[in-house]
Amino acid sequence: MKLPSFDYAAPSTLQEAVSLLGAHAGSALAIAGGQSLLPMLAYRLVAPSLLIDLRRVPGLDAISVTDEGVCLGSKVRWCDVESDARLRTAHPLLAQAVTHVGHSSIRNRGTVGGSLAHADPAAELPGIALTCDAQIAVAGALCPRTIRAEDFFLGPMTTALASDELIVELRFPAWPAARRWAFEELARQRGAFAIAGLALYYDLRDAAAANVHIGVFGAGPRPQRITQAEAALNGRVIDEQAIAAAARTASATVEAIDDVNASAAYRRSLVGTLLERALTRAAQG
Amino acid sequence: MRTTLHVNGKLVEVDVEPRLTLADCLRHELRLTGTHVGCEHGVCGACTIIVDGQAVRSCLVLAVQADGASIQTVEGLAGGDALGPLQTAFRRHHGLQCGFCTPGMLMTAHALLQAEPEASEARIREVLSGNLCRCTGYVGIVKALLDARSAYARPHTREAR
Amino acid sequence: MSRPDAYIGKPIERLEDLRFLRGRGQYVDDLECAGALHAVVVRSAVAHGRIRSIDTAAARTLPGVHAVFTATDLGAKVPVIPVRSESQPSLDQAVQPVLAHGKVRYVGEPVAFVVAETAALAEDAADAVTVDIDPLRAVIDRAGAEAGDVLLFEHSATNTAGRFTGVRGDAAKAFAAAPYVRRERFRVQRYAPVPLETRGLLARWDAHAERLTLAGAAKVPFWVRSVLAAMMALPEQCVDVIETDIGGGFGARGEFFPEDFLVAFAARRLGRPVKWIEDRREHFLSTAHAREVDCELEIACRRDGVILALRGQAWTNAGAYIRPNVASAPRNIAQMGAGPYRIADLHMEVSVLLSNKTPTGSYRGPGRFEIDFCRERLIDLACADLGLDRAEMRRRNLLTDAEMPHALPIVLPHGKGGELDSGDYRVTFDRCLAEIRWDEKASLQGRLIDGRYHGLAIGCYVEGGAIGPRENARLVLDSEGMVTVYVGTSALGQGQETVFAQIAADALGIPIEHVKDVFHGSTTCVEEGFGSFGSRASVMGGCAIAAAAEKLKDSIREAAAARFGCPVSAIEIIEGMRAVRAGELQLPLHELAGRELAAEGTFAAEKRTYSYGAHAAHVAVDPRTGQVEVLEYVAVEDVGRILNPSTLHGQALGAIVQGLGGSLLEELIYDEHGQLLTASLASYLLPSMDDYPDIRAVALELYPSPLNPLGAKGGGEGGIIPVGGVIANAVACALGDLGVQPFELPLSPPRVWQLIEDARGSRRQAQRTAR
């Protein structure tokens, strides 16, 4: 499992990185932490002519917390998210989800941009980005653009990123302090790929749930929102009855795949269970 | 490509192909064969080393990406010939059998205990769950880490750097 | 022995740790070899098909490529890998050629061999080899193999490659008269030992001396040498097979694989050293798989729970070829169905089936794990039917000291039997009940607590060890009183060097620090050796060392008696093997014997030892997700004599966790085309540190084996044998109210969930029918 041959460049500006990508469009790949890309190279599932290492590119490794929300530079590593105490209140859902990514030595190198670009259907961050209406800022040969998470993840390992574009930043909308939320995931062991995971939040208006967001990853070919369950919960008090109904809806409507880890039927049932548990936990505050 | 590494306190320069992983660079270019390669896809943890103070999998880093980095491998874990406290604890608690996962275990454990000398058993199991051992059933390894914690304890401050 | 043991029985810290902990182990890929070339195997991507062509032209022109070999380069007759154990003519018909020709029979089968300057260049070249295969339908499972419309070997009329039958008494008669019988179908999945170090080899050819050296051997180096010498038409003494440090074996590693020939062949042909290091993906495709078995087992009991007879059939899925050690598992399934229980009549027929999957081999507790799972499940089912207590029924049937030795069933076609050597199987059982606090926990059985059902189970086993025919050791004593040990067994990471140093030191009455080194495995150590498998190394190697020590002391005494002119009985060896004395006369040893003294010892065994024990588990099952958590796992074993409690404990714990992996996590999954879907450690899950935190193992030395002077029995495999049955019974106990009965491993969350769904479905069905 030796890597295929490729050229290597470590440009020192974003501009340079983007123009290198453009010049080798289709055959160059960007690398940051490499925690998803190197296994792909080892199995020779990708064979780029050029790897563009972003390690010298400045300004992509900041975590900013403002009234607008949380921004993660594309080179922010999982360990940076974990150790940033601000995020525990500024975006507790994100902070919690990141602890489920791989193992600690993976989290010491793996990055936000890498995870989004890799778009593994079982990965946590794409699921969180979709759940939270996050936006992905990208730089390219033409002009910078922002892609909504719901438009970004197209399928397994497939995104809306053009071959000459680089992820610059992931932007989460502001997180109200009183927001209710929960994160649930089932993997066969710590660090293994999730068979399914679920993130949710809602705000309370007059004791009823509002702005309900439910996102699921691992169950289908890409992260997905469980919109019918969201709609059923909006405006309702989250009680046992509401939870049970939402769980049934989630099981019935989630897009689930059969693979070596589990059947689609199992995943459908699991998503219902995860939703029930997440709602119960969130309701407890 | 010319690449400069600080390995176990020594400055070394190597000329490597971009596709060479840091694990293979250490093992075959620098002849530091204590770092083992068990899967080459980032799951088993046998190749774990410490790069700039953090445990990382050297099969998931290109040697050229480590240009300028400070690297510690199992060969640099103890000064001289004597075993260090972590190694002594592994021996005392029978925390190894075939020895193949051991360097990765030691380096992951070393990074953990340096950062968190009071790590609980649950925390130890969590962090080292990324290092597979097929021989021991892990019981001796956990005991070794619990025992070695005292050697990492910092009396005055919890700030490492 | 002239003094009480100073080392045997003590938790001596391991000698090998000193190098392993400092990164100074020498595993095969650590060997430095100037000028070595690197090899990569081109493997079939198709499970079953006829080779139309292999185009190596493009690969040969790539930079750094020295050679690309296919079967046609190997001469008129492509060497085949012989069967090592339990051979039968029909098994010999299905052996593997070192490179495929004509047909490929599994994904991963070697079809070409590329040698280049570096491993990366060799892999680039391997990618450039085009293998054109006309695909045939793949045989995947028992049904496909038995259908026989697709044959792996056309010259044979069947995919059944062999059969083993275990017989004791008259099972048919016992079943005809039995008041209670129950028959069930079981299945153990295909999984594998997966040592953390993959296989690897380094071959050197000395053209001048016509001598071949192959490093990287393990387990059975002497056998590998004899096979390799024959394939290469060399005298055995011109082949050295060298054991390096080994990153775990567990049964798979060290048997003769195609690469053992290919690497050696390439080194001779090219006149350069050749190194091959298996990668993890090809490890999953090419190193021996294990276990996969379908079994129908039937038990006959009296209503009070006395087991009368056991009978059944099993079908092991051997994969595409009969590799050297395919037969251990079916043979043991045929013989060991009764395990530690008193079951007078037994008839068990085991068929060895071929399929288009990776060939299988041995894995720790071969056959024993599988049949223990079936039998222990069946006992729990019988208890439920008969309204008996699960512990009481087992206890009633366990063999006792008074019944030893106890004859084992005869296994056909070879007609070999054997006997259980010693022990009281109720003792470990009772201790295990106490350790898990069985009575205290009885009220938890089947209870729903915080959303999870709790379950408890206990199971029993015997472990065959110390397999013969013999083992050899040589001790060399230098003038400083330092001893070097050479032994014919292999070490795979178990701590043999330490255990052998303990035995040598005690046998000679010297400090262990005076054991300078322990050399094992390599064909250069002793004239003849038998290796490391079947829990044999410590006992057989250890007894050979003890025998060599006695010979060494005898020869010293005889020489001293001659020198002093006194009877041998008057001679004392003193000062830690550095001097001799007879009354007032005293002489330093080097003056008596010169620079060096050596002695060889052999220990032969016709019968095997049998360790035994019991395991118990307490699990909690989440009925919504199917997740099983092992809350507590306890093992108790009697190994006759404990040589090093620390290394023995390590064997037990490591084996338990491997057993838990096989019961809950690990599975090699194929699709209907014969593609392996789990060829990475991301998809094939090994137990991690976080999975099973609460496991305990207790070792006892109550009933020494009468078969060897140490009284020791093997201890490497017992920890794995009963785990599948114990875990499945604990899950069944937990989910009893839901009507769940697992018959298949592993009990992954989706499988357990499906069992619950199915049980609910059949209950609904039953209710509807009742209405």
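Sequence lines set the chain letters: A, B, ... in the order given, protein chains first and strands last, and positions in each chain run from 1.
If you measure heavy-atom distances from C:Ala122 to chain A, you find no contacts under 4.5 Å at all. Neither the backbone nor the side chain of A:Arg267 comes within contact range of chain C; no heavy atoms are under 4.5 Å apart. Only the backbone of A:Ala187 comes within less than 4.5 Å of a heavy atom in chain C; its side chain stays farther off. Looking at C:Asp127, only its side chain comes within 4.5 Å of chain A, counting heavy atoms on both sides. Using a 4.5 Å cut-off between heavy atoms, C:Leu664 contacts chain A through its backbone alone, with no side-chain atom that close. Residue C:Gln627 touches chain A through its side chain alone, counting heavy-atom pairs closer than 4.5 Å. The part of C:Asp691 that comes within reach of chain A is its side chain, from C-beta onward, which places non-hydrogen atoms under 4.5 angstrom from that chain.
Here C:Glu259 pairs with C:Arg43 in a salt bridge; the nearest charged N to carboxylate O distance falls below 4.0 Å. A salt bridge is absent between A:Glu255 and A:Arg222; no separation between the charged side-chain nitrogens and carboxylate oxygens falls under 4.0 Å. The pair C:Asp141-C:Arg190 does not count as a salt bridge, with every side-chain nitrogen at least 4.0 angstrom from each carboxylate oxygen.
Most heavy-atom pairs under 4.5 Å with chain C: of the set A:Glu276, A:Arg190, A:Lys2, A:Arg44, this distinction falls to A:Arg44. Per-residue counts of heavy-atom pairs under 4.5 Å with chain A were compared for C:Thr118, C:Leu677, C:Asp622; the largest is that of C:Asp622. By number of non-hydrogen pairs under 4.5 angstrom with chain A, the leading residue of C:Glu282, C:Arg624, C:Met689 is C:Arg624. Ranked by non-hydrogen atom pairs under 4.5 Å with chain A, the options C:Thr625, C:Leu121, C:Ile277 are led by C:Thr625. Of all the listed residues (C:Gly626, C:Ser688, C:Gly451, C:Ser680), the one sharing the greatest number of non-hydrogen pairs under 4.5 Å with chain A is C:Ser680.
You'll find the ring centres of C:Tyr684 and C:Phe284 inside the 6.0 Å limit.
A side-chain donor from one of C:Ser286 and C:Glu278 sits under 3.5 Å from a side-chain acceptor of the other. Using modelled atom types, one finds no donor on one side chain facing an acceptor on the other under 3.5 Å when comparing C:Ser748 with A:Tyr266. Side-chain contact of A:Thr111 with A:Arg77: a donor-acceptor pair under 3.5 Å is absent, judged by distance alone.
Applying the 6.0 Å contact sphere to CD of C:Glu117 captures more than 12 heavy atoms from other residues, nucleotides or ligands. Around atom OH of A:Tyr43, more than 12 heavy atoms belonging to other residues, nucleotides or ligands sit under 6.0 Å away. Within a 6.0 Å sphere centred on CZ of A:Arg281, other residues, nucleotides and ligands contribute 12 heavy atoms or fewer. Within 6.0 Å of CZ on C:Arg281 lie no more than 12 heavy atoms contributed by other residues, nucleotides or ligands. Residue A:Asp239 places its CG atom among more than 12 non-hydrogen atoms of other residues, nucleotides or ligands, all under 6.0 Å distant.
Residues of residues 749-763 of chain C that come within less than 4.5 angstrom of chain A, heavy atom to heavy atom, are C:Pro749, C:Pro750, C:Trp753 in numerical order. Heavy-atom neighbours of chain C within the stretch residues 96-104 of chain A, taken at a separation under 4.5 angstrom, are nonexistent.
Side-chain contact between A:Phe217 and A:Glu124 is present, with heavy atoms from C-beta onward closer than 4.5 Å. The shortest side-chain heavy-atom distance between C:Leu686 and C:Leu665 does not fall under the 4.5 Å cut-off.
Annotation: cation-pi geometry not satisfied between C:Arg187 and C:Phe743 (NZ/CZ under 6.0 angstrom from ring centroid, within 45° of ring axis).
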